[in-house]
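To start, the structure itself, in structure tokens.
Per chain, numbering begins at 1; letters A, B, ... match sequence-line order.
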Number of protein chains: 2
Amino acid sequence: MRWEDVNTQTCSIAKATSVFGDRWTLLIVRQIFLGLRRFSDIQKSLGITKHRLTDRLNRLIEEDLVFKHLYDEKYNRFEYRLTEKGLDLYPVLITLTQWGDKWMCDSDGVPVEYVHTECGEVAHPRLSCSCCGKPLDLSNLTLKAGPGVLAKCCRGVMSDEDQMLYGRIMDAEAKADKQ
Amino acid sequence: MRWEDVNTQTCSIAKATSVFGDRWTLLIVRQIFLGLRRFSDIQKSLGITKHRLTDRLNRLIEEDLVFKHLYDEKYNRFEYRLTEKGLDLYPVLITLTQWGDKWMCDSDGVPVEYVHTECGEVAHPRLSCSCCGKPLDLSNLTLKAGPGVLAKCCRGVMSDEDQMLYGRIMDAEAKADKQ
DNA sequence: TATTATAGTTCCATTATGGAACTTAATTAT
DNA sequence: ATAATTAAGTTCCATAATGGAACTATAATA
């Protein structure tokens, strides 16, 4: 499968990956999150080549994660800022950071900490259930085929790839229902 | 900067990205999470070429996210399974999934839902503070330079890139302290 | 008038990736 | 007994993505 076709997969991770499944895009988003908004700041701080950065920023603008904001009319200079869609990546960045903090950190300790302004403490954000509020982990989550898969299944338009992936989730559900 | 040098950055996202900042690695991890453990299943379900998959799996094994498990002695066949380090990526996959569900979904709806077995409901996992338990979002989180940055700063061994990135976080903190 | 800063673009060499064919070893079908 | 099949790769080659360095444009500054 060509990379351009990855976002045709019936999978939100595949669709997300089609936007930042490359070497730099997520790091660019991180820089903007951390306050680096100008082309040259992002470029120097990442050590990315200029034309690659141009390319990636344009892609982020196309995908509506980033927009250009004129900050100097005389110079015609722009800042790159995150849209709502871009800002909405913060849980991804936080969970990724935590994984990196735990598994890839050097002996000096974690580079950045997050302070929860309401309670004033350094927070180690956890996932919790939107319904009952209890903490979630692998052991108390099960998968269920959602409407997006079921609809395609009924219409008989699932690709072989999607069938391989979701077949067993639907099988597991069917089994669980019988018991 | 060459890609091989990205993991030298003092940033957990950079270090994490150095492992799966490519086109396929995170999708491979997702397949294993969803239950596809055999080489050929992963290969066919993703449409990735065999030598690329070989390459990425070996990298994941090197980085200790995946290990091989002999499931057929006669054939000498292996399954690929996630280690603790690999399993620990589930919050990343969940937050990524949610972002994709919200922003990149087609009209059929979300492909997969997560059921919280304790309360029995479909959960939309949220980040909450490990200290007070309240939900976290961008508006109530602030950044703080952690020990990893402070130590390097004191020793004077921060790269120019890292200084550009963390300089303003430390400045912002210094300002906040004065007030 | 020469130099610097910001934000790019162009050209070319190096790497990464995709596609197809080939390999090996055990299994099943004819 | 022979041929075809399956799983898990490997090898070869063409195409696509990336990195490095040099070049452009415009306004400001020395």
Side-chain angles (χ1 to χ4, degrees), chain A residues 1-9 14 17-28 31-32 36-62 66-81 160-161 164, chain B residues 1-9 14 17-28 31-32 36-62 66-81 160-161 164:
Chain A
M1 181 178 298
R2 286 280 180 78
W3 186 248
E4 337 148 24
D5 300 324
V6 161
N7 68 341
T8 63
Q9 288 182 36
T17 304
S18 74
V19 179
F20 21 74
D22 74 275
R23 291 168 152 46
W24 296 109
T25 303
L26 200 60
L27 292 177
I28 293 168
Q31 302 302 75
I32 304 178
L36 297 181
R37 294 169 163 180
R38 296 187 187 175
F39 187 89
S40 61
D41 284 349
I42 299 172
Q43 194 251 315
K44 285 175 211 149
S45 67
L46 276 179
I48 185 177
T49 60
K50 291 170 176 181
H51 59 327
R52 194 113 325 275
L53 179 56
T54 304
D55 210 71
R56 288 301 112 95
L57 285 170
N58 287 338
R59 182 81 212 288
L60 285 168
I61 290 167
E62 244 176 59
V66 162
F67 67 99
K68 281 171 101 161
H69 171 253
L70 190 69
Y71 74 89
D72 189 330
E73 283 198 38
K74 281 175 256 165
Y75 272 85
N76 201 36
R77 294 285 152 75
F78 296 91
E79 280 185 343
Y80 293 91
R81 295 194 182 174
D160 293 347
E161 286 84 7
M164 284 196 70
Chain B
M1 181 181 296
R2 286 282 181 78
W3 186 248
E4 336 147 24
D5 300 324
V6 161
N7 68 341
T8 63
Q9 288 181 37
T17 305
S18 75
V19 180
F20 23 74
D22 73 278
R23 291 168 152 47
W24 295 110
T25 303
L26 200 61
L27 292 177
I28 294 168
Q31 301 301 76
I32 304 178
L36 297 180
R37 294 171 163 178
R38 297 188 186 175
F39 187 91
S40 62
D41 284 349
I42 299 172
Q43 194 252 318
K44 286 176 210 150
S45 67
L46 276 178
I48 186 179
T49 59
K50 291 171 176 180
H51 59 328
R52 194 114 324 277
L53 179 56
T54 303
D55 211 69
R56 289 301 112 97
L57 285 170
N58 286 338
R59 183 81 211 288
L60 284 168
I61 290 167
E62 244 175 59
V66 162
F67 67 97
K68 282 171 100 162
H69 171 253
L70 190 69
Y71 74 88
D72 189 330
E73 284 198 39
K74 279 176 256 162
Y75 271 85
N76 202 36
R77 294 286 151 75
F78 295 91
E79 279 185 343
Y80 294 91
R81 296 195 181 174
D160 293 348
E161 287 83 7
M164 286 197 68

Inset, instruction - Measure the distance from CZ on B/Arg52 to P on C/dA16 and round it to the nearest whole Å. - result: 9 Å

Inset, instruction - Mind calculating the distance between CD (B/Glu4) and C1' (D/dG19) to the nearest angstrom? - result: 11 Å

Legend entry - A/Lys44, nearest nucleotide to its side chain (from C/dT10, C/dT6, D/dA8): C/dT6

Legend entry - Nucleotide nearest B/Arg23 when distance is taken to its side chain, options D/dA17, C/dT9, C/dT6: D/dA17

Inset, instruction - Figure out the CZ/P separation between B/Arg2 and C/dT14, and round it to whole Å. - result: 10 Å

Inset, instruction - Answer yes or no on whether B/Arg38 is positioned over the face of B/Tyr71, meaning its NZ or CZ is under 6.0 Å from the six-membered ring centre and within 45° of the axis. - result: yes

Inset, instruction - Using whole Å, report how far OH of A/Tyr71 lies from P of C/dT6. - result: 7 Å

Inset, instruction - Calculate the interatomic distance between A/Arg38 atom CZ and C/dT6 atom P; express it in whole Å. - result: 8 Å

Legend entry - Short side-chain N/O contact to D/dA7 OP1/OP2 from B/Tyr80, under 4.0 Å: no

Inset, instruction - Hey, which sits more toward the 5' end of DNA chain D by its nearest nucleotide, B/Met1 or B/Ser40? - result: B/Ser40

Inset, instruction - Between B/Trp24 and A/Lys68, name the one whose nearest nucleotide on DNA chain C is closer to the 5' end. - result: A/Lys68

Legend entry - base_contact_polar (C/dG8 base, A/His51 side chain, donor-acceptor, <3.5 Å): no

Legend entry - Euclidean distance, atom CZ of residue A/Arg37 to atom C1' of C/dT6 [Å, nearest integer]: 18 Å

Inset, instruction - Look only at the side chain of A/Gln31 and the backbone of A/Arg37, and say whether a donor-acceptor pair between them is shorter than 3.5 Å. - result: no

Inset, instruction - Identify whether any heavy atom of B/Thr49 sits under 4.0 Å from a base atom; if not, whether one sits that close to sugar-phosphate; answer base, sugar-phosphate or nothing. - result: base

Legend entry - A/Trp24 and B/Trp3 aromatic ring geometry - parallel, tilted or perpendicular at 30°/60° bounds: perpendicular

Inset, instruction - Look at the side chain of B/Lys50 and decide which nucleotide, out of D/dG9, D/dC12, D/dG20, has an atom nearest to it. - result: D/dG9

Legend entry - Separation of atom CG in B/Asn58 from atom P in D/dT10, rounded to whole Å: 7 Å

Legend entry - Upstream residue (5' side of DNA chain D) when A/Ile48 and B/Asp41 are each assigned their closest nucleotide: B/Asp41

Legend entry - From D/dA8, D/dT18, C/dA7, nucleotide with atom closest to B/Phe39 side chain: D/dA8

Legend entry - From B/Glu79 atom CD to B/Ile42 atom CD1, the distance as rounded to the nearest 0.5 Å: 9.5 Å

Inset, instruction - Verify the contact: side-chain N or O of B/Trp3 to OP1 or OP2 of C/dA16, cut-off strictly under 4.0 Å; return yes or no. - result: no

Inset, instruction - Would you indicate which nucleotide in C/dG8, D/dA7, D/dG9 comes nearest to any side-chain atom of B/Arg77? - result: D/dA7

Legend entry - A/Thr54 side chain, from C-beta outward: closest of C/dG18, C/dT9, C/dT17: C/dT9

Inset, instruction - Could you tell me whether a side-chain N or O of A/Asp55 sits under 3.5 Å from a main-chain N or O of A/His51, the two making a donor and an acceptor? - result: no

Legend entry - Length of the CG-P vector between A/Leu27 and D/dG19, whole Å: 11 Å

Legend entry - Test: A/Asp22 and A/Arg59 ion pair at under 4.0 Å: no

Inset, instruction - Give a yes/no on whether any side-chain N or O of A/Arg56 is located under 4.0 angstrom from OP1 or OP2 of D/dT18. - result: yes

